Amino acid sequence: MKKQKIIIITGLIAIFFLAGLRQLFIPYELHAEYLSKNKVYEYDQLSKEDFKVYTTSRIGLRKEVKDFHINSDMVSETGLVSIASYDPHLGVLVDLKSIKVKSSSLLYNRVIYEDRMNEYQPEVSEVITYSDGKKEIVPYSQSSVELSTEKNEDEMHIYVDGKNDEYVEEVPIITVTFITAEGKKSTKKVLSSDELDLTIHYSDGTEKKAKKGEITCEPIKKPKAGINHLTCYYNKKKYVVDVNCYKPKPPKNIVTFPGYGDIELQYTKAYSVKDANKLNTINGVVYFNHHRETYYTIFEAGGVTTAFHVPGRHVAEDGTIRDEEGYICVAADYRFCHPYEKVLTTLGPAKVYDTGCPYGTVDLYVNWR
């Protein structure tokens with residue numbers, strides 16, 4: 001019996017000894033060191049990488065702690081940062097001795113256009129001045145300021161609630177003064193905004209190109225040559241745009257001859273035909289393009305020829321008689337060339353208006369003296 005009591009007492013002593021020994025080794029205190037060597041400012045962002053956290057036991061045993069959390073993501077006004085470990089009984093306050101905020105003010109983007117109001121968000125930033133003189137610009141998205149806006153007919157009110165005061169900014173709105181159109185359009189087309197390059201002009205002297213379909217217009221179905229007034233609508237407002245139009249030039253009158261290509265008809269200007277030995281008063285007879293050429297001065301003739309009744313008959317610079325299109329008037333045997341048939345001569349494109357020549361001959365009407 002006595003032996004059993006001794007065993008029990010010895011066991012209890014061992015238990016108390018081991019319990020006390022365990023207390024010497026288990027975590028007793030939480031410690032945290034701020035690693036950054038830079039100055040610490042109020043509202044600076046914090047991260048776990050900025051701290052070294054460890055525990056110590058009663059006998060000074062040290063162990064690093066990685067599983068900890070910070071109670072805030074920025075430095076508070078007091079500069080005290082609370083850190084806790086996985087053990088809720090272990091926590092520590094770290095005094096970062098932060099540099100306090102002395103004052104704060106606001107910056108705005110004050111340029112506001114009436115046609116961009118749906119897209120516009122004022123760019124407000126907070127300028128923080130610290131007690132050591134340092135200034136920091138904090139974007140609105142990261143700042144604690146509150147922003148609201150109110151638009152009336154010609155200005156916008158920006159209400160900004162900062163840390164120390166409320167700011168009210170009355171911002172004049174830059175309005176659209178007029179719209180202009182660039183370029184000219186043919187009178188054959190219906191005149192509308194899609195056919196024009198429109199420019200929007202603002203009251204501050206700036207301008208921008210209108211996007212396609214951004215401005216609607218009442219089309220002018222038959223625009224006249226000169227200035228046309230086009231009624232346009234932009235952002236539900238009416239504008240009158242002056243558009244300068246012109247009549248289209250007639251297309252070039254081109255005639256084609258095999259082996260000689262395209263030749264543009266000239267009303268009075270002399271033609272230049274390649275590889276041609278030109279007919280003249282000295283060379284009264286030449287051979288060209290599978291025919292024999294001669295000339296006939298109609299004002300020296302005793303009789304009246306049909307050439308006098310050619311539409312638009314006139315004398316060109318080179319003395320040839322031409323029609324209203326610029327064709328040289330010629331005569332030819334009807335079996336060789338049909339009436340009004342087009343032939344190429346050494347002096348240019350010609351049209352048959354008369355007959356009475358030998359077969360194979362083309363007789364050019366001229367006014368050579």
Side-chain angles (χ1 to χ4, degrees), residues 184-190 221-226 228 244-369:
K184 298 177 180 179
K185 290 293 167 181
S186 167
T187 54
K188 290 187 176 179
K189 295 183 178 179
V190 174
K221 294 184 178 180
K222 294 182 180 180
K224 61 182 180 180
N228 290 257
N244 188 19
C245 299
Y246 72 103
K247 291 184 178 180
K249 292 181 180 179
K252 293 181 179 179
N253 199 351
I254 303 294
V255 61
T256 303
F257 294 96
Y260 294 90
D262 295 338
I263 298 178
E264 183 181 350
L265 292 177
Q266 303 293 332
Y267 184 76
T268 187
K269 186 178 178 181
Y271 292 103
S272 177
V273 181
K274 67 178 182 178
D275 302 329
N277 182 19
K278 289 188 176 183
L279 180 71
N280 54 53
T281 55
I282 298 175
N283 296 327
V285 177
V286 296
Y287 293 88
F288 173 75
N289 197 23
H290 309 294
H291 66 256
R292 174 177 177 268
E293 282 186 19
T294 59
Y295 69 90
Y296 178 65
T297 303
I298 61 173
F299 296 117
E300 294 179 352
V304 177
T305 68
T306 55
F308 280 98
H309 307 288
V310 172
R313 180 180 59 83
H314 64 281
V315 180
E317 293 176 356
D318 59 357
T320 56
I321 307 300
R322 301 188 190 181
D323 65 7
E324 60 184 356
E325 294 181 276
Y327 285 102
I328 300 171
C329 303
V330 299
D333 187 279
Y334 71 91
R335 294 169 300 174
F336 182 64
C337 293
H338 299 295
Y340 308 110
E341 183 176 340
K342 299 170 185 176
V343 296
L344 182 62
T345 70
T346 59
L347 299 183
K351 186 182 290 187
V352 178
Y353 279 100
D354 205 352
T355 186
C357 296
Y359 184 89
T361 296
V362 175
D363 200 16
L364 282 70
Y365 288 86
V366 297
N367 185 27
W368 294 343
R369 300 292 181 180

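Sequential numbering from 1 along the given sequence is applied to the chain's residues. Since the model is a prediction, treat every value here as computed from it, not as a measurement.
- With sequence neighbours excluded, the residues that form a side-chain contact (heavy atoms from CB on, under 4.5 Å) with Glu264 are Lys252, Ile254, Gln266.
- For Tyr334, the ring pair (Phe, Tyr, Trp, His ring centres under 6.0 Å) criterion is met by no residue, not counting sequence neighbours.
- Using modelled atom types, no side-chain atom of Asn283 and backbone atom of Val285 make a donor-acceptor pair closer than 3.5 Å.
- Leu364 has its side chain out of reach of Thr294: every pair of non-hydrogen atoms, C-beta onward, lies at least 4.5 Å apart.
- Put simply, CZ on Arg292 and SG on Cys357 are 9.0 Å apart, with the number rounded to the nearest 0.5 Å.
- With sequence neighbours excluded, no residue forms a side chain to side chain donor-acceptor pair (under 3.5 Å) with Thr281.
- What you find for Val343 and Cys337 is that their closest heavy atoms are CG1-SG, 3.9 Å.
- Residues satisfying the salt bridge (Lys or Arg N to Asp or Glu O under 4.0 Å) test with Asp363, not counting sequence neighbours, are none.
- Pairing each heavy atom of Arg322 with each of Cys329, the nearest pair is C-SG, 3.9 Å.
- Between Asp354 and Tyr365, the side chains place a donor N or O and an acceptor N or O closer than 3.5 Å (distance only, hydrogens not considered).
- Closest heavy-atom contact between Ile321 and Asn367: CD1-CB, 4.0 Å.
- Between the side chain of Thr355 and the backbone N or O of Ala332, at least one donor-acceptor pair lies under 3.5 Å.
- Every residue two or more places apart in sequence or in another chain was checked for a side-chain contact (heavy atoms from CB on, under 4.5 Å) with Ser272, and none qualifies.
- With sequence neighbours excluded, no residue forms a side chain to side chain donor-acceptor pair (under 3.5 Å) with Asp275.
- Looking at every heavy atom in both residues, Arg313 comes nearest to Ile298 through NH1-CD1, 4.5 Å.
- For the ring pair (Phe, Tyr, Trp, His ring centres under 6.0 Å) condition, the pairs that include at least one residue of residues 261-287, sequence neighbours left out, are Tyr267-His314.
- Under the 3.5 Å distance criterion, the side-chain polar atoms of Trp368 are left unmatched by any main-chain donor or acceptor of Tyr296.
- In this view, Ala276 and Val273, Phe288, Thr346 satisfy the side-chain contact (heavy atoms from CB on, under 4.5 Å) rule, not counting sequence neighbours.
- In this structure, the side-chain contact (heavy atoms from CB on, under 4.5 Å) partners of Asp323, at least two apart in sequence or on a different chain, are Val310, Glu325, Tyr327, Lys351, Tyr353.
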Query raised in the report: Step by step, would you call Leu347 with Tyr295 a side-chain contact (heavy atoms from CB on, under 4.5 Å)?
Result: CA-CA 11 Å; Leu347 299 183; Tyr295 69 90; over 6 Å; no
Query raised in the report: Can you list the steps and then say if Val255 with Leu265 is a side-chain contact (heavy atoms from CB on, under 4.5 Å)?
Result: CA-CA 7 Å; Val255 61; Leu265 292 177; 4.0 Å; yes
Query raised in the report: Going through the checks in order, is the side-chain contact (heavy atoms from CB on, under 4.5 Å) test met by Phe336 and Thr361?
Result: CA-CA 8 Å; Phe336 182 64; Thr361 296; over 6 Å; no
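- Applying the salt bridge (charged side-chain N to carboxylate O under 4.0 Å, His left out) test to pairs two or more places apart or on separate chains, those with a residue in residues 331-340 are Asp333-Arg335.
- Every residue two or more places apart in sequence or in another chain was checked for a side chain to side chain donor-acceptor pair (under 3.5 Å) with Thr345, and none qualifies.
- For Phe257, the ring pair (Phe, Tyr, Trp, His ring centres under 6.0 Å) criterion is met by no residue, not counting sequence neighbours.
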